[in-house]
Protein chains: 2
Amino acid sequence: MIKGLENPMDSELERFMDILREGGYKVTPQRIAVLKVLVGNRTHPSADQIYQEVRKEHPMISLATVYKTLELLKEMGQVMELGFSNRSTRYDPQVDPHLNLVCLRCGFIEDVHETSLNSLTNVVEDASNFEVHSGRFELYGLCSTCRSEPVAVAARVP
Amino acid sequence: MIKGLENPMDSELERFMDILREGGYKVTPQRIAVLKVLVGNRTHPSADQIYQEVRKEHPMISLATVYKTLELLKEMGQVMELGFSNRSTRYDPQVDPHLNLVCLRCGFIEDVHETSLNSLTNVVEDASNFEVHSGRFELYGLCSTCRSEPVAVAARVP
DNA sequence: CTATTTATTAGGAATCATTATTGATAAAAG
DNA sequence: CTTTTATCAATAATGATTCCTAATAAATAG
């Protein structure tokens with residue numbers, strides 16, 4: 001392997017770090033740690049889940065720092081913050097328009113890329129006088145696993 | 001006017017009351033008051049806004065009762081609960097698939113009915129093995145009013 | 001490499017929307 | 001009208017998120 005290109009995620013991490021620097025923000029070990037958890041992450045983690053993960057390598061980091069880093073990334077449009085009705089919030093580094101399939105029983109969120117969502121934006125901008133910045137598309141129901149289970153245990157929406 | 005049909009909203013209110021009864025729940029004055037605020041409401045009110053509105057006619061009602069009634073309506077699929085990332089939650093009695101245009105500056109939410117959303121459900125159910133129960137579709141950006149304003153005052157997403 | 005400047009951090013307290021609890025109350029059925 | 005329960009108001013509790021402050025450490029220039 002060529003030095004500096006060991007992992008395809010590394011370039012993504014570099015990109016995040018460049019974006020921080022361009023925004024005039026310092027690249028600190030804590031921020032790098034949070035970024036590492038997010039890069040390539042498709043699990044839609046909560047702030048606390050990110051915190052727990054980061055703590056493994058960075059035991060002294062505080063939850064407030066995780067929140068601040070997420071806030072920064074959100075402002076720079078690098079992370080989507082998904083608030084749910086049960087007060088839980090999940091973070092998604094995938095910011096292009098896509099569909100989230102949210103299981104109402106187990107809380108699992110699956111990404112689906114649907115090309116029709118892109119045209120939606122155009123249709124709306126033409127029809128109404130609304131300037132679209134970002135979007136969020138969710139379908140709630142039962143995932144394949146939970147569908148085949150006999151009885152509901154307990155709803156735990158993300 | 002014919003007695004009992006004075007207001008087109010009355011039949012909608014009756015429908016809600018029937019649904020409560022069918023669910024084995026009692027039709028109490030407090031629940032009727034909350035229902036009256038919701039029927040035909042397109043303002044996507046928060047629990048507190050509903051509470052303040054209900055208090056005008058029902059000064060002794062508690063916020064907890066409003067929450068419980070909303071919880072009931074949510075369970076019966078008559079109201080959508082929209083959690084946002086800033087911890088605010090809005091309620092929408094319009095449960096059919098539609099698009100919400102959320103202004104990032106003034107917080108106004110506009111409904112847009114887009115037929116393509118119905119087919120989305122079908123596409124997903126065919127492609128993946130997911131059983132769709134409901135959906136939420138949002139575009140974030142600037143409404144026509146805020147677009148034409150010179151400077152941002154303060155972001156107050158719903 | 002070191003000093004200087006200034007953003008950032010850890011930790012804990014504070015906040016605030018929402019939920020749980022409990023004795024009192026009133027809707028529905030007979 | 002009375003009984004049986006579900007529901008109510010009020011308040012305490014919960015828990016995710018934000019605020020606060022002294023201490024720390026990036027970044028930059030010399």
Side-chain angles (χ1 to χ4, degrees), chain A residues 16-35 44-52 54-76 79 81-91 107 154-158, chain B residues 16-35 44-52 54-55 57-76 79-91 107 154-158:
Chain A
F16 272 122
M17 288 166 68
D18 285 344
I19 287 170
L20 273 179
R21 271 187 277 262
E22 281 162 23
Y25 299 106
K26 291 177 178 174
V27 178
T28 67
Q30 292 86 346
R31 285 175 180 168
I32 294 173
V34 171
L35 286 171
H44 308 80
S46 67
D48 194 67
Q49 285 169 335
I50 294 167
Y51 173 57
Q52 298 304 338
V54 168
R55 278 221 293 187
K56 292 178 184 171
E57 301 293 326
H58 238 273
M60 297 308 288
I61 199 172
S62 79
L63 184 54
T65 300
V66 173
Y67 273 111
K68 282 190 152 190
T69 304
L70 289 170
E71 174 69 21
L72 222 55
L73 293 169
K74 189 178 61 173
E75 275 174 16
M76 297 190 299
V79 160
E81 191 180 48
L82 304 173
F84 289 92
S85 50
N86 62 349
R87 275 184 302 163
S88 75
T89 307
R90 304 286 205 94
Y91 295 86
R156 44 192 168 97
V157 188
Chain B
F16 272 123
M17 289 166 67
D18 284 343
I19 286 169
L20 273 180
R21 272 187 276 261
E22 281 163 22
Y25 298 107
K26 292 178 180 174
V27 178
T28 66
Q30 291 86 348
R31 287 178 177 169
I32 293 174
V34 171
L35 286 171
H44 308 79
S46 66
D48 194 67
Q49 285 169 336
I50 294 167
Y51 172 57
Q52 298 304 338
V54 167
R55 279 221 291 187
E57 301 294 326
H58 238 273
M60 295 309 287
I61 198 171
S62 80
L63 183 55
T65 299
V66 173
Y67 273 111
K68 283 191 152 190
T69 304
L70 289 170
E71 174 69 20
L72 220 56
L73 292 169
K74 190 177 60 173
E75 274 174 18
M76 296 190 298
V79 160
M80 277 223 76
E81 191 180 49
L82 304 173
F84 289 92
S85 50
N86 63 349
R87 274 186 302 165
S88 75
T89 307
R90 304 286 205 95
Y91 295 87
R156 43 192 167 97
V157 188

For this session: Would you sort out whether A/Asp18 and A/Arg21 count as a side chain to side chain contact (heavy atoms under 4.5 Å, CB included), showing the intermediate values?
Result: CA-CA 5 Å; A/Asp18 285 344; A/Arg21 271 187 277 262; 3.6 Å; yes
Problem set entry | Verdict with supporting geometry, B/Glu81 and B/Thr89, side chain to side chain contact (heavy atoms under 4.5 Å, CB included) | CA-CA 7 Å; B/Glu81 191 180 49; B/Thr89 307; 3.5 Å; yes
Exercise. Would B/Leu35 and B/Met17 count as a side chain to side chain contact (heavy atoms under 4.5 Å, CB included) if you check the C-alpha gap in whole Å, the side-chain angles of each, and the deciding distance to 0.1 Å?
Worked result: CA-CA 8 Å; B/Leu35 286 171; B/Met17 289 166 67; 4.3 Å; yes
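Taking atom CG of residue A/Leu35 and atom P of nucleotide C/dT8, one finds them 13 Å apart after rounding to whole Å. At whole-Å resolution of the value, CG in A/Asp48 and P in D/dT17 are 9 Å apart. Rounded to whole Å, atom C1' of D/dA16 lies 13 Å from atom CD of A/Gln49. Separating the CG atom of B/Leu20 from the P atom of D/dT7 is a distance of 9 Å, rounded to the nearest angstrom. Atom pair A/Leu82:CG and D/dT17:P shows a separation of 12 Å (rounding to whole Å applied). Atom CE of B/Met60 is separated from atom C1' of D/dA10 by 9 Å (rounded to the nearest Å). The distance from atom CD of A/Gln52 to atom C1' of D/dA16 is 14 Å, rounded to the nearest whole Å. A straight line from CZ of A/Arg31 to P of C/dA10 spans 11 Å, rounded to a whole angstrom.
For A/Glu71, the CD atom counts as densely surrounded, since its 6.0 Å shell holds more than 12 non-hydrogen atoms of other residues, nucleotides or ligands. Crowding of A/Glu57 atom CD: a count of heavy atoms from other residues, nucleotides or ligands under 6.0 Å not exceeding 12.
Rotation axes derived from the C1' atoms of the five outermost pairs at either end of the helix from C/dC1-D/dG30 to C/dG30-D/dC1 lie 50° apart, to the nearest 10°.
By the 4.5 Å heavy-atom criterion applied to side chains, B/Gln30 and B/Val34 are not counted as neighbours. A heavy-atom distance below 4.5 Å is found between the side chains of A/Leu20 and A/Met76.
Taking both residues in full, the closest heavy atoms of A/Ser62 and A/Tyr51 are given as C-CE1, 3.7 Å, listed atom of the first, atom of the second, then distance.
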Seminar exercise, completed: Per-nt protein contacts along nucleotides 19-30 of chain C (heavy atom under 4.0 Å; B base, S backbone sugar-phosphate only, - none) come out as BB------BS--
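At C/dA17, none of the side-chain N or O atoms of B/Ser88 fall inside 4.0 Å of OP1 or OP2 (strictly under the cut-off). For the pair A/Thr65 and C/dA10, the criterion of a side-chain N or O lying under 4.0 Å from OP1 or OP2 is met.
In the model, A/Ser88 has a side-chain atom that pairs as donor or acceptor with a side-chain atom of A/Asn86 under 3.5 Å.
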